[in-house]
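All residue numbers refer to positions in the sequence shown, counting from 1.
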Amino acid sequence: MKRAQFSSPLLPYLLLAPQLVIIFIFFYWPSAQAIQSSFYIEDPFGFGATFVGLENYAMVLGSAEYLRIAQFTVFYTLIVTFLSLTIALVLAVKADAVLTGASTYRTLLMWVYAIAPPVAGLIGIMFFDQHIGPLVDLAAVFGWDMRVGVNYYDTAFAMVVIAVWKQIPYNFIFFLSGLQAIPKHLREAAAIDCRSELRRFWTVTLPLLAPTAFFLLIINMTYALFDTFGIIDIVTRNEPANNPVTLVYKVYLDGFRSNDLGSSSAQSVILMVVVLLLTMAQFRFIERRVHYG
């Protein structure tokens with residue numbers, strides 16, 4: 001392979017400098033500040049700080065409320081990731097087979113991606129409103145008295161539905177692009193060798209989509225952990241305190257509403273370590289089953 005040649009040995013570093021500066025300012029510097037703050041009990045008005053060592057970590061990990069929120073976060077992340085990927089894959093397979101009106105069909109499935117998470121949360125909460133929400137009326141037909149914002153499980157259900165609805169178009173775009181990149185002669189050969197469409201999908205199509213699926217797996221888990229903050233904020237804001245929240249939203253509640261900066265920083269560091277370990281595990285064990293090319 002040809003190697004890139006630069007007229008000056010400093011030119012590559014100069015080209016990388018803007019991105020490195022942004023990473024340092026918006027990631028490494030805040031991360032270092034969070035790690036430092038996690039060892040202190042800080043005055044919320046900035047009048048001083050007391051070094052407490054690992055006390056903030058001990059209080060967080062020993063809290064029954066924090067462990068309950070962690071359990072919900074795991075469930076929420078897994079269910080949102082699974083449903084977002086599964087539904088998007090099914091829609092992509094169906095859209096790839098459409099011959100008439102394909103562009104219109106695909107556009108209708110993609111446009112939701114342009115909506116920001118807080119706006120998606122606002123639209124979703126209107127659908128789950130106890131007075132005007134059509135989904136509440138639909139649930140009532142089956143005897144389900146849905147009370148989003150009051151009942152813990154109803155609120156969790158609404159959060160999952162809105163988060164999945166928001167993420168499906170993103171996954172759909174990548175899955176559809178992956179399907180269209182599969183060579184036509186492979187599909188024709190698979191059709192000759194196997195009459196079962198479902199078996200062809202599992203043995204031929206899905207393995208060829210593995211790189212795309214692995215990428216989307218990481219993106220969707222990150223989305224469920226972090227990017228649904230706006231949705232959760234809209235759904236749970238000004239509602240009873242027993243509503244489900246994720247670990248990221250717990251960091252916000254403790255840091256910006258309770259002004260407990262030390263505990264909030266410790267939680268952010270714990271979450272950062274968990275995400276790092278999760279990403280390493282994904283690349284270590286799952287990527288082994290992904291074949292590129």
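- When ring centroids are compared, Y153 and F157 stay outside the 6.0 Å threshold.
- Looking at residues two or more places apart in sequence or on another chain, you find a ring-ring contact (aromatic ring centres under 6.0 Å, His included) between Y249 and F229, Y252.
- Here D154 pairs with nothing under the salt bridge (Lys or Arg N to Asp or Glu O under 4.0 Å) rule; sequence neighbours left out.
- Across all their heavy atoms, G121 and I162 have their closest contact at CA-CG2, 4.0 Å.
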For this session: Could you walk me through whether T81 and Y223 pass side chain to side chain contact (heavy atoms under 4.5 Å, CB included), step by step?
Result: CA-CA 8 Å; T81 301; Y223 162 78; over 6 Å; no

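- Side chains of Y57 and S38 form a contact here, defined as non-hydrogen atoms less than 4.5 Å apart.
- Between N171 atom CG and L216 atom CG the span is 5.0 Å, to the nearest 0.5 Å.
- The local environment of CZ in F226 is crowded, with over 12 non-hydrogen atoms from other residues, nucleotides or ligands closer than 6.0 Å.
- Between R147 and D145, some side-chain heavy-atom pair lies under the 4.5 Å cut-off.
- Considering only heavy atoms from C-beta on, L61 comes within 4.5 Å of I270 through its side chain.
- Clustering ILVMFWY residues whenever any of their side-chain heavy atoms sit less than 4.5 angstrom apart, transitively, puts V119 in the very cluster that holds L122.
- Contacts of S37 classified as side-chain contact (heavy atoms from CB on, under 4.5 Å), with partners at least two apart in sequence or in another chain: E42, S265.
- At a threshold of 4.5 Å between non-hydrogen side-chain atoms, the residues L276 and M280 count as touching.
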Please tabulate, one pair per line, all N/O donor-acceptor pairs under 3.5 Å involving side-chain atoms of residues 123-142, not counting sequence neighbours.
residue	atom	partner	partner atom	Å
D129	OD2	H131	N	2.8
D129	OD2	I132	N	3.1

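- The shortest heavy-atom contact between N56 and A266 is CB-CB, 3.9 Å.
- Rounded to the nearest 0.5 angstrom, L247 CG and Q267 CD are separated by 7.5 Å.
- Between F51 atom CZ and Q36 atom CD the span is 10.5 Å, to the nearest 0.5 Å.
- Here the closest non-hydrogen pair linking A163 and Y76 is CB-OH, 3.3 Å.
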Exercise. Under the side chain to side chain contact (heavy atoms under 4.5 Å, CB included) criterion, do I232 and M159 qualify, and how do the steps go?
Worked result: CA-CA 7 Å; I232 297 172; M159 288 166 50; 3.7 Å; yes

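- Taking CE of M272 as the start and CG of L277 as the end, the distance is 11.0 Å to the nearest 0.5 Å.
- When side chains are defined from C-beta on, V245 does not count as touching F72, because their heavy atoms never get closer than 4.5 Å.
- Residues M221 and L278 form a side-chain contact, since some pair of their non-hydrogen atoms from C-beta on lies under 4.5 Å apart.
- Residue V251 comes nearest to S268 through the heavy atom pair CG2-N, 4.0 Å, listed as atom of the first residue, atom of the second, then distance.
- Every residue two or more places apart in sequence or in another chain that forms a side-chain contact (heavy atoms from CB on, under 4.5 Å) with L16 is listed here: L20.
- Counting heavy atoms from C-beta outward, Q167 and D227 have side chains that stay 4.5 Å or more apart.
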For this session: Decide side chain to side chain contact (heavy atoms under 4.5 Å, CB included) for F82 and N220; before the verdict, give the C-alpha distance in whole Å, the side-chain angles of both, and the deciding distance to 0.1 Å.
Result: CA-CA 9 Å; F82 174 76; N220 278 259; over 6 Å; no

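- Nearest heavy-atom pair, T246 versus T73, reported as atom, atom and distance to 0.1 Å: CA-OG1, 3.3 Å.
- The closest side-chain donor-acceptor pair between T155 and N243 falls under 3.5 angstrom.
- Checked by atom type, the side-chain pair Y40/T50 shows no donor-acceptor distance below 3.5 Å.
- Grouping the Ile, Leu, Val, Met, Phe, Trp and Tyr side chains by contacts below 4.5 angstrom, directly or via other members, places Y170 with V93.
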Exercise. Could you walk me through whether I168 and L83 pass the side chain to side chain contact (heavy atoms under 4.5 Å, CB included) check?
Worked result: CA-CA 9 Å; I168 285 175; L83 292 177; over 6 Å; no

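- Here the closest non-hydrogen pair linking P244 and T236 is O-CG2, 3.8 Å.
- If you take CG on L179 and CZ on F175, they are separated by 8.5 Å, rounding to the nearest 0.5 Å.
- The side-chain heavy atoms of L89 and L209, taken from C-beta on, include a pair separated by under 4.5 Å.
- Every pair tested for side chain to side chain donor-acceptor pair (under 3.5 Å) that includes a residue from residues 23-32 fails, sequence neighbours excluded, so the list is empty.
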